[in-house]
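To keep things clear, I will list the structure first and then write my remarks on it.
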Amino acid sequence: EALADFEMALSLKPDDLAIQRNLGWLYLQQKDFAKALVCYERLLKASPGNGDALAGRGSSRSGLKDYAGALADLEAARPRASKSWRLQLRIGHLYFVRREYLKADEILTAQLASDPKSEETYYWRAQARAGLDRIPEAIADFEACIACKGKRAAEAGRLLAETQRRLGQ
């Protein structure tokens, strides 16, 4: 319903940047990355270098599997976007997806220093460390993820068992 309301509002006020920003965020939540990208492109045209618009465009590009573009946007947004974007986590995840496990581990470790209870960060860092064959550290991260008792716990448990088999435990 909110999505329809913002789409209607945008049709009445196509130059309203607040509507554009909110609509982009709603499209991201709906995983309609192509429409979100259009919104964030319009925001950046009106306000080049806007950190939140760069973060939104980067998230849209990530959803569209344009990982290089997403990484460039998120890195550019990092010094100026609001903390709600959790850019370190998003950037670390992108390095993981690109199989740049060492860089992912570095970024995600920095994220955990500022948010030590982040289930999502433990989850992705564990996988990056498994990719680096740092199995005992990966196991510790999977266990930390499970201890958070969030939405990643079941999958982390499955990956933990798989990782322990790799170690021969």
Side-chain angles (χ1 to χ4, degrees), residues 1-3 6 21-37 39-40 51-52 54-79 81-169:
E1 187 176 313
L3 189 58
F6 277 108
R21 182 183 62 248
N22 289 324
L23 190 56
W25 178 252
L26 287 171
Y27 284 137
L28 279 178
Q29 301 313 300
Q30 298 289 321
K31 300 190 184 324
D32 192 339
F33 302 114
K35 286 183 180 178
L37 182 62
C39 289
Y40 289 114
D52 290 324
L54 282 166
R57 185 174 72 180
S59 295
S60 301
R61 286 177 164 176
S62 177
L64 294 168
K65 299 186 180 352
D66 172 9
Y67 300 128
L71 197 52
D73 282 344
L74 296 178
E75 288 285 8
R78 197 182 335 196
S82 64
K83 292 184 191 239
S84 65
W85 285 102
R86 297 173 48 192
L87 291 179
Q88 293 248 107
L89 173 58
R90 291 173 189 265
I91 291 167
H93 174 256
L94 284 170
Y95 279 115
F96 170 79
V97 170
R98 291 167 48 120
R99 299 180 188 271
E100 295 180 45
Y101 301 130
L102 193 57
K103 187 68 175 174
D105 180 60
E106 174 190 322
I107 298 284
L108 295 168
T109 297
Q111 172 64 20
L112 281 169
S114 65
D115 185 6
K117 295 181 181 179
S118 172
E119 172 198 33
E120 195 80 9
T121 307
Y122 281 116
Y123 178 81
W124 291 112
R125 188 174 75 169
Q127 291 189 70
R129 288 178 167 184
L132 291 166
D133 287 324
R134 292 169 45 189
I135 303 304
E137 292 170 280
I139 288 171
D141 279 349
F142 281 128
E143 289 170 343
C145 178
I146 292 164
C148 292
K149 298 180 181 171
K151 66 179 183 170
R152 293 282 189 187
E155 178 66 9
R158 187 187 68 73
L159 292 170
L160 172 61
E162 187 179 298
T163 305
Q164 287 171 327
R165 280 192 295 278
R166 282 177 60 186
L167 188 59
Q169 290 185 346

Salt bridge or not for Arg134 and Glu137, using N-O below 4.0 Å?
yes
Can you tell me how far apart OG (Ser59) and CG (Leu94) are? Round to the nearest 0.5 Å.
8.5 Å
Distance in Å, Ile135 CD1 paired with Phe142 CZ, rounded so as to fall on 0.5 Å steps:
9.0 Å
To the nearest 0.5 angstrom, please state how far the CG atom of Leu37 sits from the OG atom of Ser62.
12.0 Å
Counting only pairs under 3.5 Å, give me each side-chain donor-acceptor contact of residues 143-154, with atom names and distances, residues two or more places apart or in other chains.
residue	atom	partner	partner atom	Å
Arg152	NE	Glu120	OE1	3.2
Arg152	NE	Glu120	OE2	3.3
Arg152	NH2	Glu120	OE2	2.8

Run Glu162 and Arg158 through salt bridge (charged side-chain N to carboxylate O under 4.0 Å, His left out) and show every step you take.
CA-CA 6 Å; Glu162 187 179 298; Arg158 187 187 68 73; 3.2 Å; yes
I need the single residue from Leu108, Thr109, Ile107 that forms a side-chain contact (heavy atoms from CB on, under 4.5 Å) with Asp105. Which is it?
Thr109
Nearest-0.5 Å distance that lies between atom CH2 in Trp25 and atom SG in Cys39:
13.5 Å
Does any non-hydrogen side-chain atom of Leu26 lie less than 4.5 Å from one of Lys35?
no
Answer yes or no: is there a donor N or O on one side and an acceptor on the other, between the side chain of Arg166 and the main chain of Ala130, under 3.5 Å?
yes
How many angstroms lie between atom CG of Leu167 and atom CD1 of Ile139, to the nearest 0.5 angstrom?
4.5 Å
Heavy atoms of Gly58 and Ala70 approach each other most closely as O-CB, 3.2 Å
So, for Ser118 and Arg86, which heavy atoms are closest and what is the spacing to 0.1 Å?
OG-NH2, 3.6 Å
Testing Lys83, Arg78, His93 one by one against Gln88 for a side-chain hydrogen bond (donor to acceptor under 3.5 Å, both in side chains), which residue passes?
Arg78
Spacing of Asp52 atom CG and Tyr40 atom OH [to the nearest 0.5 Å]
8.0 Å
Which atom names give the shortest non-hydrogen contact between Gly51 and Ala81, and what distance separates them?
O-CB, 3.5 Å
Residues that Tyr101 engages under ring pair (Phe, Tyr, Trp, His ring centres under 6.0 Å), provided they are two or more places apart:
Phe96
Are any non-hydrogen side-chain atoms of Tyr27 and Leu23 less than 4.5 angstrom apart?
yes
Heavy-atom closest pair, residues Ser60 and Leu28
OG-CD2, 3.6 Å
List the residues meeting side-chain contact (heavy atoms from CB on, under 4.5 Å) with Asp141, not counting sequence neighbours, and say none if there are none.
Tyr122, Arg125, Ala126, Arg129
Close side-chain approach of Glu155 and Tyr123, heavy atoms under 4.5 Å:
yes
